[in-house]
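Everything on this sheet refers to the single structure shown next.
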Amino acid sequence: MKRLHAPPAYDPAFPASHWARSVALTADAPLAGAARCEVAVIGAGYAGLNAALALARDHGRGVRVLEAAETGWGASGRNGGFCCIGGAKLSGAQVAARVGAAGAADWARWQRAAIDHVAGLIDAAGIPARQGPEGEVLLAHSPRAWNAFVAEGEGELVPRAALAERGLAGPAFFGAKITPEGFPLDPMTYLQGLARLARAADVVLHGQSPVTGLAPCRDGWRLTTPGGALVAGQVLIATNGYSSEDLPGWMAGRYMPAFSAVMVTRPLSGPERRAQGFTTPLMSYDSRVLLHYFRHLPDGRFLFGMRGGLSARAVPEARTHARVARHFATLFPAWAGVEVESRWSGLVCLTGSLAPYVGPVPGAEGLYAAFGWHGNGVAAGSYGGLQAARLMAGAASDRPALIAAPPARLPGPGRLRRAGLAASYLGYALKDGPLPARG
């Protein structure tokens, strides 16, 4: 396997998330010996499990899922639990320039359908994953950002003078835009619920089964793991930021894993919440390119995350978490001394096109891929997995033009792409501007 970051980022012993410590996980047996199936899925995350479930339950396919660690270990069990609009790193104008006005409208509709898919799935199956009301808050991090909100005229606009009465107070917020789409959830409870549905549909899940080899064979594709080999007629690559450059080689340069770091505080009391003035139950984020995202959890804890880490090695990882703590204390000064119970990070996945891809791997019959959710994979990854399953089954799919074109390759070898990411972060930080001075 040829991965882009240092080994600690992919080590099953890498620090687990708050969610992994609060939900009982089921260990699936590794692949052992030789086996066959109609469809193999690589990656037991949102995309992989949604695809496996749909293929087995809706299309009668025999499916096995190969996971390098355990179900939920990767990004699907490490995120902030935002089931929301997103998936691409493009503005509405950029999407329209690429696929036209009709294509942009189709992409906007698809994002809403992705949220509805997750909501319908968890509600129908009785998965107790919901953690708050519908809607999302985007907070302007500067007067210029607020002016852009006003010019766009979308959503419910809350000027800075009215933030406190809406429970949105903070020294670094200059106004807010509230939209009705999306809802917060417990990402691990959702994922484990998906896994149970998949097992009930006779999907076979294999944990501790990293795919170390993938090659065409007479009956389709041969997947090799440390404990066995699997032959499948079709294969879906659903590993997102945890992908490998050589599985298959077509993936090389088409994705860039980037770190996102998260912390969760101890439970905050009612007076503590009111002292800060940020009491909204809505999931929230700010308008920075290197954004901060945050929300209250049902048990009183507060989750806070941000982009910008560059390595999972011990020293840079510690620096990243120290930076997260500084930003948290600046944005929410009344909570600066509150104890932090959990800290972790994980990989989001960028692509050369700044948009996801769902479709066949060109020139490789029977091989498909679904990846590149740009930090918003709860909804987009789930729905993308469902659409990949429909494509693989020869059924009608709901795939907008934006995500039907394979991503362009990012230039250079991995080390240069990592250097380019670091340089981009410096540029984004300059564009975002400094945080306000504390005190």
Side-chain angles (χ1 to χ4, degrees), residues 9-10 12 14-28 41-54 65-84 86-87 114-115 117-119 121-122 125 127 129-131 182-199 203 205-210 236-243 255 257-262 283 293 303 305 342 344-350 356 358 369-386 388-389:
Y10 310 99
F14 194 58
S17 69
H18 164 77
W19 315 112
R21 287 188 284 270
S22 59
V23 175
L25 306 184
T26 300
D28 294 297
V41 175
I42 306 177
Y46 298 136
L49 289 180
N50 269 275
L53 175 62
V65 180
L66 301 177
E67 167 58 42
E70 298 294 349
T71 299
W73 177 86
S76 293
R78 291 176 176 271
N79 62 84
F82 284 49
C83 183
C84 61
I115 295 171
H117 165 68
V118 175
L121 188 62
I122 64 175
I127 301 172
R130 287 182 181 266
Q131 288 195 316
F183 59 93
L185 52 65
D186 180 323
M188 188 65 82
T189 295
Y190 167 43
L191 194 71
Q192 294 300 314
L194 270 178
R196 287 192 294 273
L197 291 175
R199 294 185 192 103
V203 174
L205 274 60
H206 294 289
Q208 302 299 324
S209 299
L236 174 64
I237 309 293
T239 43
N240 207 41
Y242 292 82
S243 297
Y255 70 102
F259 285 90
S260 195
V262 189
M283 51 188 183
Y293 52 96
L303 179 147
S342 303
W344 72 94
S345 64
L347 296 174
V348 301
C349 184
L350 316 177
V358 177
F371 65 99
W373 316 117
H374 296 84
N376 283 289
V378 177
S382 295
Y383 202 47
L386 173 65

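Counting from 1, the numbers follow the sequence of the chain as shown.
Atoms CG and CD, from L66 and Q208 in turn, are 12.5 Å apart once rounded to the nearest 0.5 Å. To the nearest 0.5 Å, atom CD1 of residue I237 and atom CD1 of residue I42 are 3.5 Å apart. Interatomic distance, L49 CG to L194 CG, rounded to the nearest 0.5 Å: 5.5 Å. Note: C83 SG to Y190 OH = 7.0 Å, rounded to the nearest 0.5 Å. Annotation: the span from T189 atom OG1 to I127 atom CD1 amounts to 9.0 Å, rounded to 0.5 Å.
Between the side chain of Y242 and the backbone N or O of L347, at least one donor-acceptor pair lies under 3.5 Å. Between the side chain of S345 and the backbone N or O of F259 there is no donor-acceptor pair closer than 3.5 Å. Remark: the backbone N or O of A380 is not paired with any side-chain donor or acceptor of S382 at under 3.5 angstrom. For the pair H374 (side chain) and G87 (backbone), a donor-acceptor distance under 3.5 Å is present.
A 4.5 Å side-chain heavy-atom check between D28 and E67 finds every atom pair outside the cut-off. R78 is not listed as a side-chain neighbour of V262, based on a closest heavy-atom distance of 4.5 Å or more. By the 4.5 Å heavy-atom criterion applied to side chains, I122 and R130 are counted as neighbours. Residues V378 and C84 are not in side-chain contact: their nearest non-hydrogen atoms beyond the backbone lie 4.5 Å or more apart. N50 is listed as a side-chain neighbour of L121, based on a closest heavy-atom distance under 4.5 Å. Contact annotation: the side chain of N240 never approaches that of Y255 to less than 4.5 Å [non-hydrogen atoms, C-beta and beyond].
Contact record, G72 with L191: CA-CD2, 2.9 Å, taken as the closest heavy-atom pair. Here the closest non-hydrogen pair linking P187 and G81 is CD-CA, 3.9 Å. Taking both residues in full, the closest heavy atoms of V65 and A52 are given as CG2-CB, 3.7 Å, listed atom of the first, atom of the second, then distance. Taking every heavy atom of both residues into account, G375 and V348 meet most closely at CA-CG1, 3.7 Å. Shortest non-hydrogen contact noted between A20 and A16 is CB-CB, 4.0 Å. In this structure, L386 and A54 approach most closely via the heavy-atom pair CD1-CB, 3.6 Å.
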request  = For side chain to side chain contact (heavy atoms under 4.5 Å, CB included), just list the numbers for V118 and L185, CA-CA rounded to whole Å, side-chain angles, deciding distance to a tenth of an Å, and then say yes or no.
outcome  = CA-CA 10 Å; V118 175; L185 52 65; 4.0 Å; yes

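Contacts of D186 classified as salt bridge (charged side-chain N to carboxylate O under 4.0 Å, His left out), with partners at least two apart in sequence or in another chain: none. For H206, there are no ring-ring contact (aromatic ring centres under 6.0 Å, His included) partners, not counting sequence neighbours. For Y383, the ring-ring contact (aromatic ring centres under 6.0 Å, His included) partners at least two apart in sequence or on another chain are W110, H117.
Ring geometry, Y293 versus F82: the interplanar angle exceeds 60°, so the pair is classed perpendicular (tilted spans 30 to 60°).
Remark: of the listed residues W373, Y46, W19, Y46 is the sole one forming a side chain to side chain donor-acceptor pair (under 3.5 Å) with N79.
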